[in-house]
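Shown next, in structure tokens, is the structure this report addresses.
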Amino acid sequence: MDKTYEPRKVEEKWYRFWIDKGFFRASTTSQQPPFSIVIPPPNVTGSLHIGHALNNTLQDILNRYKKMKGFNVLWVPGTDHAGIATQTIVERELLKEGIKREDLGREKFVKRVWKWKEVYGKRIIEQLQRLGASCDWSRERFTMDEGFSLAVREAFVRLYNDGLIYRGHYLVNWCPRCETALSDLEVTREETKGKLYYLKYPILSEDGSSDGFVVVATTRPETMLGDTAVAVNPNDSRYKHLVGKEVLLPVVGRRIPIIADDSVDMEMGTGALKITPAHDFTDFEIANRHNLPKIQIMDFRGRMNENAGKYKGLDRFECRARIVEDFEREGILQKIEEYNLQLGKCYRCGTVVEPMLSLQWFVHTPPLAHPAIQAVEEGRTRIIPEGWKNTYFEWMRNIRDWCISRQIWWGHRIPAWFCRDCGGITVSVGEPKVCRHCLSPNIEQETDVLDTWFSSALWPFGVFGWPEQTQELRIFYPTSVLVTSFDILFFWVARMMMMGIRFMGDVPFRDVYIHALVRDEKGEKMSKTKGNVIDPLDIMDEYGADALRFSLTALAAQGRDIRLSLPIIEGYRNFMNKIWNASRFVFLNIDGKLRGEYSDSWFSFKSEELSVADKWILTRLNRVIREVEESLEKYEFDKVARLIYQFIWGDFCDWYIELVKPVLSGNNTGAIKRTQAVLIKVLASSLQLLHPIAPFITEELYSRLRGIGFTLKTPGGEDAESIAVSSYPVFKENEIFEDAHQEIEFIKQVIVGIRNLRAVVRAHPSSKVDVILVPDNEAVLERIKRNSDHIANLSRASVIISQHEKPKKAIAQVVEGLQIFLPVEGLIDVDREMERIKREISKLIKDLEVSQKKLSNRDFLERAPEDVVEKEREKFEELSQKKRKMEEVLEKLKEVGT
RNA sequence: GAGCGCGUAGCUCAGGGGGAGAGCGCUUGCUUGACGCGCAAGAGGUCGCAGGUUCAAAUCCUGCCGCGCUCACCA
């Protein structure tokens, strides 16, 4: 066995083993309770990033844990076609070859994208496998595979027939670069420095002559070309007299009315608002109230159209500059101010979004949102951590209709056909032959595709074969938990809730666990442009998948972002190595094969046969088992990791192994056998606890345990050929030994005390020192007697127990009920040691004062719970005893100095 | 503008009404028969600030300061 764990030597082997054995395959005939998770499907063209690593590690932990608990676990994997994102990437690649998508035409282009999908979809799947994801790959799905396409059409048709999908002319967010409509969510607002332009519109008097100006303020002067009114607040005394009059729209020369509308804020700008109904959401609504015409002045690429007159053909930003110039020349530009505004940008490409009037498809969401809100209110779906509930409610309660049509090629084509004869719409799952309304065969399918998130919303039941009523749906829906990050709470989680309830009549998941975002060590979001990405694949190459997984788990505290850095990962890589070496120690101390000695109810020692140390470690183990399970059930992943880390390193390695070394090198065969058994039991259980987080190293070490003849059982009671299918450790009340636990905890203090004294006298680690232990009472005396070997071995001391004699010249330590003396002959830095003791005494005095104050406070005595008061009394007693002893120690020191 | 989260050791973070914790880093010592990716012993903190509630506040409440995020059609 190597001295250092080398993950690269084993990881691939074990993953193949798990797959070959079919351990990740779920059963549709099992009697076991189901546990199911659907993966948040990564983008097909994407590459595994650190966020995926976290997301899938957490899911894997839950799945592997439940598997070991005997559940019929199903983790459904898959990928998302990610419409706009994927199309953009493929377009960019094609451009490198000098090909535009229009050159290929729709059909050929889509074929090219499928090719990409084949290559890159596979890549991300391999990367997930590299991470160790225990997905049931036989059930891998893609949001555009045949079955899923059927589900999408079915859902669309049903919603349409129920009147929840409609088509109409509305103002939508439009990306002029992607040339498609976007939903509200796909627009991100960014604070941008801009300018506020004050434009003077000449007022027309009754006779048509000019009569002064009304000044409007705007951040987008170019939109004035499409102005159809100026609006003021009806209560605005500055403008009251102008309502009903007209202004002459400069440059254009059109007459437009001055109207009154309540929604105009008198404080804002000049209080007079120019109305461009076809390019602004507020204006659109005002226009509807006043029956104003809507003049579109741009084409879908963001260039001025024929309605822009002489500006036709200009890009919208060029046009802005020209308009401003022209206003200035005419003397009707009053002023320009610096102005910060929240600009809407396309979340995919960052282009400034243009509100555009167009014919689009929408989902009418409030009727879907209502039951989805209720489900969370009633706790049928729990959101964890709870804080996100409010965010969910907030969004759901203010939900607006969802624009689902996209003018791109890659995606689910909307299953609607338009009739060239009667203009009617036929919506159908299969391809219709004739128009539903006039029976004309002269029909044509909608060219728009659906928003990617429309199909993602069906994921939790689409993957199980919906709309067919499959066995999988019956068993695994609702899924047990969804693990995701908060940035797609609205995009995805909320919509799955709506669709799941609508089509399945039940929530899509019992729990939603929302985890953090992974940031860099400075707390910044990782991005390729910033160059601060930590690539999980590099990390796995260098440190191993387990180290990465453990790092992410240990940092996955609820409600806080993860700041990941290499030193942290290195630390947990070291932990993996520690486990490796602890196991190595165990193996080195078991000669030959166990020959099944321990495999069949192999741990069968009666409590009186166990040593105090054995009892101590078993107590610790059992408590850790319980705490780990409690934490897992609450999704407290960081706590799980900490508990296991502390137990393996801090308890098992630092103390148990050290305590047991003399036994193993002794010649008491019975004691050796028993110790070996405890070592194996504790090691095996530790590996099991660790397995969900670090599957590879634990499998490797388990295989070595099998090599020496030790086997775990499956939940079904059979020999487990893999730790992945072994039965999770169970808390056993009869392996809790409170007395032994306290005894070893006490002995640890004694040992640390002596080591501390050794450091004071600068004793060389290999040299022995003489110490005199002076116990207060019989109980302490007995404890020390029982453990004098442990003390002597772990502190390299010759121990003398004395109830009366105390050395004259010595340095000392005090632990509860015990003084530890180390005689010295003036070879030490007495002043420094005195300083140390004095510091300690003054701290004791301070603590005593606090305690004293409490105990002399009548309110405390009367109102505090009895046990708290009692504990305070004990504490006071203990502190004052310790103080007395420390003072004594100080006296001894003085003598050393003389 | 509204809402949410976070300020605890030099750094990264647990904890969350009754004796301040971990890892890393730092100091000192170590060819300790598992491991130097290690062992041992240490130093290091008015728990952001100010009030309040309470017998008792790092912990609960209010305000403030700082950092971050989300939502919002505001010219």
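Lettering of chains follows the sequences in order, A, B, ..., and the numbering in each one begins at 1.
- Pairs of residues two or more places apart, or lying in two chains, that qualify as side chain to side chain donor-acceptor pair (under 3.5 Å) and include a residue from residues 543-553 of chain A are A:Asp60-A:Arg549.
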Exercise for the section: Any chance you could list the contact pattern along nucleotides 16-27 of chain B? Use B for base contacts, S for sugar-phosphate-only contacts and - for none, protein heavy atoms under 4.0 Å, 5' to 3'. Expected result: --BB---S----

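- Under the salt bridge (Lys or Arg N to Asp or Glu O under 4.0 Å) criterion, A:Arg289 pairs with A:Asp261, sequence neighbours left out.
- Nucleic acid contact for A:Tyr339: sugar-phosphate only, since backbone atoms but no base atoms lie under 4.0 Å from a heavy atom of the residue.
- Note on A:Glu658: a base of the nucleic acid sits closer than 4.0 angstrom, heavy atoms only.
- The salt bridge (Lys or Arg N to Asp or Glu O under 4.0 Å) analysis of residues 636-651 of chain A, with sequence neighbours excluded, yields the pairs A:Arg620-A:Asp651, A:Asp638-A:Arg642.
- A heavy atom lying under 4.0 Å from RNA chain B marks the following residues of residues 272-286 of chain A, by number: A:Leu273, A:Thr282.
- Take A:Thr270 and apply the side-chain contact (heavy atoms from CB on, under 4.5 Å) test, not counting sequence neighbours, and it matches A:Tyr198, A:Val215, A:Ala217, A:Tyr239, A:Ala272.
- Residues A:Tyr513 and A:Phe637 place their aromatic rings such that the two centres sit under 6.0 Å apart.
- Partners of A:Lys389 by side-chain contact (heavy atoms from CB on, under 4.5 Å), not counting sequence neighbours, listed by chain and number: A:Val376, A:Ile383, A:Glu386, A:Phe393.
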Exercise for the section: Determine, for nucleotides 3-8 of chain B in 5'-to-3' order, which nucleotides have protein heavy atoms under 4.0 Å from the base (write B), from only the sugar-phosphate (write S), or from neither (write -). Expected result: --SSS-

Practice task
Would you write the dot-bracket representation of RNA chain B, where each base gets (, ), [, ], | or . depending on whether it forms a Watson-Crick or G-U pair under 3.5 Å and with which partner?
Solution key: ((((((((.[[[[.)..(..]]]].(((((.......))))).....[[[[[..)....]]]]])))))))....

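- Considering only residues two or more places apart in sequence or on other chains, A:Lys578 meets the salt bridge (Lys or Arg N to Asp or Glu O under 4.0 Å) condition with none of them.
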Is there any protein nitrogen or oxygen under 3.5 Å from a nitrogen or oxygen in nucleotides 42-46 of chain B, and what are the pairs?
from  : atom 1 : to       : atom 2 : distance (Å)
B:G42 : OP1    : A:Asn756 : ND2    : 2.3

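- Sorted by first and then second residue, the salt bridge (Lys or Arg N to Asp or Glu O under 4.0 Å) pairs with a member in residues 263-285 of chain A read A:Asp227-A:Lys274; sequence neighbours excluded.
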